[in-house]
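Report on one structure; see the data block that follows.
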Amino acid sequence: MSEDRYPFNDVEAVWRKKWDDEKAFSVDLDDDSGEHKYVLVMFSYPSASKLHIGHWWNYGGVDTHARYLRMNGVKVFEPMGFDSFGLPAETYAIKVGTHPKTVTEESISFIREQLKRIGAMYDWDWEVVTSRPNYYRWTQWLFQQLFKHGIAVQKDGLVNWSPTLQTVLANEQVINGMDERTGNPVVQKKMTQWYFRITKYAEKLLNGLEDIDWPESTVKRQKDWIGRSEGTSITFGVDGHDDTSIEVFTTRPDTLFGVSYVTLAPESDLVKQLTTDDRKAEVEEYVQTALRATEVDRTSTTREKTGVFTGSYAINPINEERVPIWVADYVLGSYGTGSVMAVPAHDQRDFEFALKFKLPIKLVIRPVKESLDVEDMTEAYTEPGIMHNSGQFSGLQSDVGKKAVTEKLETLDAGKHTVTYRLRDWSVSRQRYWGCPIPMIHCEKCGVVPVPEDQLPVVLPDEIHDFRPKGTSPLGALEDWVNTTCPTCGGAAKRDTDTMDTFVDSSFYHLRYLAADRDDAPFDKERMNRWMPISLYVGGPEHGTGHLIYIRFITRFLHEIGWSPVAEPAAKMVHQGIITKDGMRMSKSKGNVVNPEPFIEKYGSDVFRMYLMFTGDFRLGGDWSDDGITGIDRFANRVWRLVNRFPGDTEPSDKLNKGDYPEVVFRTLHNTIKSVGEDLENLSFNTAISRMMELVNELYKWLGEENDGKVNADAVRNLLGILIRIMSPFAPHFCEEAWTRLGGTPFVFQQEWPSYDESALVANTITLVVQVNGKLRDRIDAPADASNDDLERLALASEKVQGLMEGKSLRKAIVVPGKLVNLVVG
RNA sequence: GCCGGGGUGGCGGAAUUGGUAGACGCAGCGGACUCAAAAUCCGCCGGGCCCUGCGCCCUUGGGGGUUCGAGUCCCCCCCUCGGUACCA
C-alpha cells in the first residue's frame, strides 16, 4: 500500500467487510443498561433512482452524530429501511414493463449496497420493508384497530381525484390544486372512500406541539394546517321552508346585523332544495361548472367572484331580516358548514361579491378612532371596532359583542360557540395496485367486516397482468381474489379492492423497527419503553404537513389504545438542508444533478462524505462545487501521512505529557477536542472539520514533512490517536485503518471519546485589543491572568493610544476581560 | 398577499450572551523541491489611499436608529430560496 496517498479502494472495502463479518453495528435492543438514544432518519423511498447527493448529506451527517453519541457511551439505535410501496415504483414498473415487486426488490438490494458505502452504523437486522407481507400485515392490523375504534370509517363524499394518476389523493398531497407528484390539476369527484378521522385528534395534535422540540417553522406549519378557529355557528331560517335551515360558521358574530345575503357552496346539498323553479336552470348550470372546474381555477385569487341567486331568502335570527340566498364558489364545501353569512362591509370577499352583484353593504362595526362612511369604502373594514346599527348591541366593542351576540343566539336556540378546524379527515383509499390491501370485506348482509386477524395479511396478489391505473383498483379485475366469503355469515362477499395511501405505511415504522424480528406482535412494549420517544428525528421539511402529521396522529392513537408508551413519536426533530448546484435545486429537468459515483471513485467514500459535511451547515444546506473536494482530500492525506510516519503496535495512550509538545500544539489539541465535541452535539459538522484542519496545520508547523528525530515519536503517536478518534465519526473507514496503524485495536468507533483538560485551553498570554472610541487602534500582548485594572493600564500605556489621546482626556474605559479595552476619550 | 429561512471576499462558508469581521477550505499569486511537470511543503491573498514604515480610510443587500462598541438588537425598504393561498 502506498503511504503517500490514502488507498481508499483497499481500505474502505476491507473495513466494510470486517464490520459486516463481525456484526460490528449490531444493537441489542433488549439491553437495559446505560443511556439509550434512538436516532432516526426518514427511511428511503426506492424508485428507479439511486441514492443522490442529498442522501449522502443527510445520512452521512446523522450517522456522524450517532457515532459521536456512541463514543460517549450512549447506546444508539440507528435503523434503516425502505418505504417501498407507492407510485414511483409502480410508475417505473409500468414504464419498463416489469412487475412492481421485482422492480422494488431489485432497487432495495441496490440501494442497500449504496447505503453501506456511506459507512453508517445501520444494524440491518432491524430493517423494515413496507411492501413485504411481514410488514404490511401490521399495516392491515393498524387499519383494523383504527376501524374498531371508530377512527377508520367509510364515507361518501367529494374527494380529490387526479385524472393523471387515476387515483384519489389526500388533501396533504394536493398543492395549489395540483397533485404534488406530477403537478397536474386535481378535480373533485364524489366517491365512497375510507377515511381516518384525524379531525378527532385536531386539538390533541395541536396541544402536543407544545411538548416537543421541533423546528419552529414546522410547528407553525402544523398549527396552520390544523387551523383551529374559534367562532359561532348560527342557524338561519329559510323563508317559506319551515323544516329547513342553513347553518353558517363565523368568527365575527359581532357583524351579524350586517348580513346582507347568505351564500352556499356549490357542493351544498341545500342548493337543490332552495332553488326556486324560475332560477333552476341558471343555478344548475352554475353548480355544474363550478364542480367541474379544477381547484386551481376555483381558488385563483385574481379571478373575479362569481355566483347566482337561488330565488330563496334566509331569515337572520337576530333581527328577523330577510336576506337573499346565493350560491358562490368562493365558499368552500369542505370547510365549516359549507355556507356563510355574508357581511360585505366587514369581509373582503363578501365586499367584492356585493359590489359585483349590487348587494347592500351595511356598516355595523365602526373604527374606534376615525369615522367611516359606506360610500367612501374601497375595501372591507375587517378590524375590530365598535358595534353600530346593531340594536341592543350597538356601542359594544367587537370582542364583547361577539360574546353577547353568541349568548343571545343561544337563548334563541339559533347558535352556539363553536371551534372549527381546517384539518380534513385523511382519505386513505387509493385505486392503485402497488400498495397495502385494505383488509376489509364487503358483505351484502353484514356490511363491512374486517378480515379476521388470524387471516392477515391479506396478501397483495402477484398474479396480476395489468396493474396500470384505470380509475378503479386493478385488484378489482382479479375475480378469484375479490370473491370471498363473509367471515360473519359465511355468505358470498367481496374484498375491498383499494390499497392504502403509503403514508399509512410510514406512520408506524418507527415503532415497528423495534419489533422487526417479531412476527407474533406488531410492537414490543418493553423495547418501546426503553427506546421511545425518538431522541432525534431527521428528515426534510417538505414532510411538515404530511408524514409528520400522520406519524404524530398514529403514534398518539397507538398510545391511547395502549400500544405506544408515548403520545409523541419524536422528542426532537431536525430538518436537513438541501444541497444545491450553483445555488439552484438539483433536478433532472434542469440537468444539474450531481452524481456521487464519480467522486466516490476518485476520492473514496469518506472524503466524499466529509466534503459534504464541510460544505455548509447541516440544517441550512450548501452549494456543491466539484473543485472544493480537493481541500478535504488534501486534509485526509495530510493526516494519512502523519499517521504513517508514527505507526505503532501498542494501543495509543490517552495520557499525554504536556512537556512533550509545543505549548500551542497542546492547547490547540485540547481546544479541538472540546469544540469538535460541541459541534457534533449540535450537528455543526462543517465547523468541526475546520477545527480539525487547524490542529493538523499546527502539527505540520511543528513536525514538518520529515522526521528529524528530535520529537518523541510515541508522544506524537498518542496525540494522533486522539485526532483519529475525534475524526472517526466523520471518516469511519479511514479512521479504522489509521487507528490500527497507530497500534489501536479495532474498532475505533468502540473507543471512548477523548476528554480535554480545561486548564490546557487557554494561552498564557492573550492579545489585548485596544480600541479608542470604538475603533481598533492597537494590539498588545498581555498576561492571561491580568486584572481589569492592569489591562486598562496597559492600554493607556500604548504609544498609539497616547498619540491619539493628545489634548484629550479619558472619559470612560470599558474592559472585556481577556479580550479588549475600549477607551472613550474626548 | 401572508408566514418562515437566507443575503458576509473571486467562490463555498466562519464569527459564544453585542466585543479583533472574513476562521477553515477552494481558486489565484509568489517561493522551495524537481532536468521538467504533477504531487508535496512554506508564504501572501476584502477594497481603496500617499506604499514612507509598524500608516490611514472604507467594508457584512440598502437606508435610518439604539450603544463606549452592531454582521449580531430595533424600525423602514430591496433581493432571493422555501412554504402557503378566498378557511368565513
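Chain naming here is simple, since letters A, B, ... match the order of the sequence lines and numbering starts at 1 in each.
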RNA chain B: 5'-proximal contact among A/Arg221 and A/Gly621 (nearest heavy atom): A/Gly621
Could you list the residues that satisfy side-chain contact (heavy atoms from CB on, under 4.5 Å) with A/Ser229, not counting sequence neighbours? A/Phe249, A/Thr251, A/Tyr335
For nucleotides 49-60 of chain B, just jot down a letter per nucleotide in 5' to 3' order: B, S or -, based on protein non-hydrogen atoms under 4.0 Å. ------S-SS--
What are the residues of residues 335-344 of chain A, sorted by number, that bring a heavy atom to within less than 4.0 Å of RNA chain B? A/Tyr335, A/Val340
Not counting sequence neighbours, which residues clear ring pair (Phe, Tyr, Trp, His ring centres under 6.0 Å) with A/Phe599? List them please. A/Trp624
Can you name the residues that form a side-chain hydrogen bond (donor to acceptor under 3.5 Å, both in side chains) with A/Thr668, not counting sequence neighbours? none
Which residues satisfy the side-chain hydrogen bond (donor to acceptor under 3.5 Å, both in side chains) test with A/Asn592, sequence neighbours excluded? none
Under the side-chain hydrogen bond (donor to acceptor under 3.5 Å, both in side chains) test, which residues partner A/Glu758, sequence neighbours left out? none
Using the ring pair (Phe, Tyr, Trp, His ring centres under 6.0 Å) criterion, which residues pair with A/Trp426? Sequence neighbours excluded. A/Phe196, A/Tyr550
Touch check for A/Ser229, heavy atoms < 4.0 angstrom, all strands: base, sugar-phosphate only, or nothing? sugar-phosphate
side-chain contact (heavy atoms from CB on, under 4.5 Å) involving A/Asp399 - partner list, sequence neighbours excluded: A/Gln397
Paired runs of 3 or more consecutive Watson-Crick or G-U pairs involving RNA chain B, with both pairing distances under 3.5 Å, are B:1-7 with B:78-84, B:10-12 with B:24-26, B:28-32 with B:40-44, B:46-49 with B:55-58, B:61-65 with B:73-77
Holding to side-chain contact (heavy atoms from CB on, under 4.5 Å), I want the full list of residues that pass it with A/Asp347, two or more places apart in sequence or in another chain. A/Arg349, A/Asp350
NA contact type, A/Asp617, heavy-atom cut-off 4.0 Å: base, sugar-phosphate, or nothing? sugar-phosphate
Going 5' to 3' along nucleotides 17-25 of chain B, which nucleotides have protein heavy atoms under 4.0 Å from the base (write B), which only from the sugar-phosphate (write S), and which from neither (write -)? --BB--BBS
Could you tell me whether A/Arg349 contacts a base, only the sugar-phosphate backbone, or nothing, with contacts defined as non-hydrogen atoms closer than 4.0 Å? base
